[in-house]
Structures are given as structure tokens and as C-alpha cells.
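Read through the structure below, which is laid out as C-alpha cells, and then see the notes.
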Amino acid sequence: MLAKTTLTAALALLGGLPVASADCTRDALLAAAETYIEAQRTGKTDGLHLATSNFTYRENNKVVDLGKGVLGSTALTLDTNRSTADTVACASYTMLISSSGAKPYVLATQLRHDTGDPSVITMIDTIAATTGSLFFNAKKTLGYIQAEKWTPLATADQPSRDLLKKVGDAYLDMWTDKNAADTIPWGTDCERVEGSSLTRPCGASLPHGGSAQPNAMRRYVIDEVMGSVDVLCAFNSLGNMPDSHEIRVEAGKVKYVHTITV
Ligand SMILES: *[C@@H]1O[C@H](CO)[C@@H](O)[C@H](O)[C@H]1NC(C)=O
Ligand SMILES: *[C@@H]1O[C@H](CO)[C@@H](O)[C@H](O)[C@H]1NC(C)=O
């Protein structure tokens, strides 16, 4: 095995063959996200291609053993899944809803990959909301989320990466910056699902500062094709809450906001 690997490497050097392919493609990211969904469905993580050194599993902003978290310890019947891909950060975002079990869940998960070998997952980062979480009612959330239309956007309707990052940040800054809400391009038919609480249009009743605690630990997955930004964070403005904010922008305007807060 070792000898064969060494030989292959030597041949690659001699022949100038590529030793590793470093393309972080949508297809590869979404295929890896499928392996994550399958792992959560079965509660078995052996199908995941995890980094052998320095792999991190984080749940609700704390590093925990993979086997002790919801992913490694619980098989969940899944009602729905939806994933987005960030080819620049080499990461993906997946939302899962499991509403029928004794312990229902709404999960927000970012996978991060080794940029040298995108097939390898270096981090699984999950916000796991369940009974007792903010506005938690998985069945109600499921109804709202299933009614949304998340199809890839036509090129002309795709927001830039820069706009998505700005909208994600401005949203999380609304509690500490009184002007942040007015910088966001709200769509008139936009809706916001916070836990299981629906607000339409989503630009109604917004915070305009008031807190001195910025929302911290922001981790982004930005997907121009889906027009989405997902930010996992420590929602400190209203107390230290593990949180996911996902926003979809269509033709320059905010269309959906989905928050999952523990
Ligand atoms: C290990 O992973 C952590 C979290 O992803 C990262 O910050 C750190 O730089 C990594 N260390 C090494 C030696 O790669
Ligand atoms: C994820 O959702 C797709 C439809 O978007 C579905 O075909 C697939 O079966 C789902 N995967 C699981 C494991 O539920």
C-alpha cells in the first residue's frame, strides 16, 4: 500500500501528472452534503469522508465529540432537506427538518472542506434546534419552508457575493446598529420564518439598534446561484444564543429569511 502510493507519487512527479485535484465544485460540495444528510438520516457517520487529523464537530457553537452530538447519536426521519454551496469558501449549508419523532429537530449545518482536497470534510458545524428552542415548532416551520420556492436563479437575477455578505452582516447588525435595517434591500413580497414564527412582509417590525453586544462568531456560506447567504453565529445581541440566519436575495431584493435559534 505504502510502496504503491510512493510509486504513484514518483510517477506523478516524473510525468507531471496532477497529484491532487483541487477544484471545489458545486457538484462535489452538494454530493458531500448528501453524505451528511444520509448520515443524519441513519445516525451513522461512517459514510462521511472526514479529515483524519484535525476534524472538528461543532454543535451549538461548542466543540463536541462526533459520537455524542445529534449527528453521531441520533437517526432522524427527515421531512425535508435543502442545501447550498459556496465554491469560494469550499463549504456548504444544509437545512434539515425532522418533525415526526419524539424529539423533533430543525438543523442548520455548514460543512467545511480541505481546499487542497475538497472531498475531505474538515468541519461539521451544526445549530440544532429542538423542543424548547426559540419559537420552536418543527411542523409549523416545515409548512412554511415547504411553501417556499428555492430554485436556482437565472444569471441576471443572481446577487453578487459581495451583496450577499453585506446583507447577511447588515441583518445581524440590526440589533446594535440603528441604521443597519435601512441598508437592506427588502423585497415587498418577502417573508421571514423565525423558528416557527412567520412575518410578512419581512421588512416589517425590525430592530433599530438598542443592544451593545454584537452578534459574533460569524461563519458564512454564500451561494450566488441560489442567491443565498447563511451565517451561523453566537447571537449575543439578545443573549448568547447559537443561531443560523439564512437569507435569499432574488433580483437584488430580499425574498426569504429563515432563522434557527437555540
Ligand atoms: C485545525 O482546525 C481548526 C478549526 O477548523 C483551525 O482553526 C486550525 O487552524 C486547524 N489546525 C491545523 C494545524 O490545521
Ligand atoms: C433530500 O431532498 C430531496 C428532494 O429535494 C429528496 O429527493 C431526498 O430523498 C432527500 N434526502 C433524504 C435523505 O431525505
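All ligand and atom numbering here is 1-based and tracks the order in the structure. Numbers here simply count residues along the sequence, with the first being 1.
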Looking only at the side chains, is there a donor atom on one of [X] and [Y] sitting less than 3.5 Å from an acceptor on the other?
X	Y	answer
Glu59	Tyr57	yes
Thr94	Thr109	no
Asn215	Ser237	yes

Quiz item: Under 4.0 angstrom from atom 7 (O) of ligand 2, is there any protein heavy atom?
Solution: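 Looking at atom 7 (O) of ligand 2, one finds that no protein heavy atom lies closer than 4.0 Å.
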Quiz prompt | Test item: protein heavy atom less than 4.0 Å from atom 14 (O) of ligand 2 | solution =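 Given the 4.0 Å limit, the answer for atom 14 (O) of ligand 2 is yes, a protein heavy atom qualifies.
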Quiz item: If only atom types and distance count, is the side chain of Arg219 paired as donor or acceptor with the main-chain N or O of Met217 below 3.5 Å?
Solution: yes
Quiz prompt | Proximal ligand 2 atoms for Arg41, defined as those under 4.0 Å from one of its heavy atoms | solution = 13 (C)
Quiz item: With atoms numbered from 1 as shown, which atoms in ligand 2 lie under 4.0 angstrom from a non-hydrogen atom of Ile37?
Solution: 12 (C), 13 (C)
Quiz item: Between Tyr171 and His245, how do the two ring planes meet: parallel, tilted or perpendicular, split at 30° and 60°?
Solution: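 Tilted: the ring planes of Tyr171 and His245 meet at 30° to 60°.
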Quiz item: What is the nearest protein non-hydrogen atom to atom 1 (C) of ligand 2, stated with its residue, atom name and distance?
Solution: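 Atom 1 (C) of ligand 2 sits closest to the protein heavy atom Asn81 ND2, 1.5 Å.
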